[in-house]
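Before any comments, here is the structure.
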Number of protein chains: 2
Amino acid sequence: MPNDQVITVRGEGQLAARAGHLFTGVNKEFLCAATDMDTWSQPSTRTVIAARMQPTIQQRDLTVRKLYTSAALADAGQREQLLQLLGIGAQVRICEAGLPHETIIIDRRVMILAGPWVQGDREFTVTTSPGLIGPVHALFDATWEAAASLADRLELPLIGPDGRAILRTLGAGMTDEVAARSMGISLRTYRRRVAELLRALDSDSRFQAGLRAGELGLSP
Amino acid sequence: MPNDQVITVRGEGQLAARAGHLFTGVNKEFLCAATDMDTWSQPSTRTVIAARMQPTIQQRDLTVRKLYTSAALADAGQREQLLQLLGIGAQVRICEAGLPHETIIIDRRVMILAGPWVQGDREFTVTTSPGLIGPVHALFDATWEAAASLADRLELPLIGPDGRAILRTLGAGMTDEVAARSMGISLRTYRRRVAELLRALDSDSRFQAGLRAGELGLSP
DNA sequence: CATTCGCTGACAGCAAACTGCCATTGCCCC
DNA sequence: GGGGCAATGGCAGTTTGCTGTCAGCGAATG
């Protein structure tokens, strides 16, 4: 029962020095999970990695899957970066739960786990042990499957706080008349709002709209 | 940069011998992710572990979270075991994606990762490295959040294959008349089916039913 | 064979939802 | 002030959805 290959390095400098070559070796699959895209203290690190990877991702059948939380959508700059990622062929998904620590898996053979920030630096744990990587990869897959694709998430801000109120009344099963009165608007206007909502959700019927709203997690 | 504490053992016997004491030390939190409950080749292992843990879970404020795939619901015997788990205070959730390898995290201090089966035995990777456990714990959390609670999953088998067909037509936004014709049944019968579906989904309106169906993932 | 039961379908009536049209209101800009 | 402009509400008419009732059909049961 040998100690598997697990090394711990402190700071991005050491990571680049001791594991930088692993990024260039990416061959088939590159997985990454993090809260948002603002994870490298030195901007150069990002650009260097991106520059190294870009030729690879386009030539071969490389799969790049990036998983972020909705925090990545809050900032306009990061949205821009996300779209760039999509542009170069990466898959991006957004999950609701938190992903506090950065996790990177390359070709199922190398895994890099980032620890919490300590004095402006992070500790990185790098391993090539299949026994460690397999289960983590499985967990990543499960989270990935449950997460919404970025494209879906970018579509739905069409529904303003006004539409949300309509959604609530509809979700509560109210009659149009009751709902309109509870919102203090006329029946006609309420139905206009509903019609707008249906259009926004690209639906032909109320059931369909409800289904889509439920799928997109617009209920709470 | 020290080698963190990572050991690899082969077979449940060795695991029990070298890491068995860690199970009794569980204090605040016990996480477990696996495809189904049939993960121990020796039935005794399960009962031993359960016996060791049961007193703990009830006395202190111990959190036990078990994450399985829907495979665990297919077998009647496993459903029974799941209900027992609920009975002793464990939280159980079901996720749609696959969770091929068993993953156990205890108190955020010990992590046990199971590898694939090889000749009736598995290789277990046991570690106490925070750098490894933290990120995996985060991934577990994310998967957990996205998964449906077992209680929800046990409720909804009310909808038979017949109801699914109705769901599809409704989800497609068809008019009742079109849907009825496409299914080769009369308008009256179709509406009867819809009414049954609404009752099954405990809904007052079609929108509400759609919303619930969407939330429960009944769309595909 | 007769009866009962469950499911289906047709008809009818009603409630709810959808839409077009127009008058009104409030607001911004010229 | 006057002229758009957008949002709202009222009205009317149509469509769609909902349900009760009853007759027909077939299978199971006696």
Side-chain angles (χ1 to χ4, degrees), chain A residues 76 79 152-220, chain B residues 76 152 154-220:
Chain A
R79 286 175 93 106
D152 291 345
R153 287 300 301 261
L154 288 178
E155 271 177 12
L156 54 89
L158 314 154
I159 293 137
D162 203 32
R164 301 289 178 135
I166 303 287
L167 268 177
R168 269 194 300 279
T169 61
L170 286 171
M174 292 186 195
T175 256
D176 285 11
E177 201 177 332
V178 174
R181 231 176 314 123
S182 84
M183 293 181 63
I185 59 177
S186 83
L187 186 61
R188 185 69 186 87
T189 307
Y190 177 80
R191 289 189 168 146
R192 255 196 272 266
R193 294 286 115 75
V194 174
E196 289 162 9
L197 197 60
L198 292 215
R199 246 173 289 128
L201 290 172
D202 195 30
S203 303
D204 294 326
S205 70
R206 290 196 177 192
F207 181 93
Q208 205 179 13
L211 191 64
R212 304 214 44 165
E215 287 170 352
L216 298 173
L218 268 44
S219 34
Chain B
D152 291 345
L154 289 177
E155 271 178 12
L156 54 87
L158 313 154
I159 292 133
D162 203 32
R164 302 290 180 132
I166 303 284
L167 267 177
R168 270 194 299 280
T169 60
L170 286 172
M174 293 184 194
T175 259
D176 286 9
E177 201 177 330
V178 174
R181 232 177 312 123
S182 85
M183 294 181 62
I185 61 177
S186 85
L187 186 61
R188 185 67 186 88
T189 306
Y190 177 80
R191 289 187 169 149
R192 256 195 269 266
R193 293 287 116 76
V194 174
E196 289 161 10
L197 198 60
L198 292 215
R199 244 173 292 127
L201 290 172
D202 193 31
S203 302
D204 294 327
S205 69
R206 291 199 177 192
F207 182 92
Q208 205 178 12
L211 192 63
R212 305 213 43 161
E215 287 170 353
L216 298 174
L218 269 44
S219 35

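Every chain is numbered from 1, with letters handed out A, B, ... down the list of sequences.
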Distance in angstrom units between [X] [atom1] and [N] [atom2], rounded:
X        : N      : atom1 : atom2 : value
B:Arg193 : C:dT8  : CZ    : P     : 4 Å
B:Glu177 : D:dC18 : CD    : P     : 14 Å
B:Tyr190 : D:dT19 : OH    : C1'   : 16 Å
A:Glu196 : C:dC18 : CD    : C1'   : 14 Å
B:Leu170 : D:dG17 : CG    : C1'   : 11 Å
A:Arg206 : D:dT15 : CZ    : C1'   : 13 Å
B:Asp204 : C:dA16 : CG    : C1'   : 14 Å
B:Arg181 : C:dG9  : CZ    : P     : 14 Å

To the nearest 0.5 Å, how far apart are [atom1] in [X] and [atom2] in [Y]?
X        : Y        : atom1 : atom2 : result
B:Phe207 : A:Thr169 : CZ    : OG1   : 8.0 Å
B:Leu170 : B:Tyr190 : CG    : OH    : 3.5 Å
A:Glu215 : B:Leu218 : CD    : CG    : 10.0 Å

Distance below 4.0 Å between A:Thr189 side-chain N/O and D:dT8 OP1 or OP2 | no
Looking for any heavy atom pair under 4.0 Å, which part of the strands does B:Leu187 touch: base, sugar-phosphate only, or nothing?
-> nothing
Is a salt bridge present between B:Arg199 and B:Glu196, judged by a nitrogen-to-oxygen distance below 4.0 Å?
-> no
Closest listed nucleotide, where the reference is the side chain of A:Arg192 and the choices are D:dC18, C:dC18, C:dC21 = C:dC21
Residue closer to the 5' end of DNA chain C, A:Arg191 versus B:Gly184 (nearest nucleotide) | B:Gly184
Pair of N/O donor and acceptor under 3.5 Å linking C:dG20 base with A:Arg188 side chain | yes
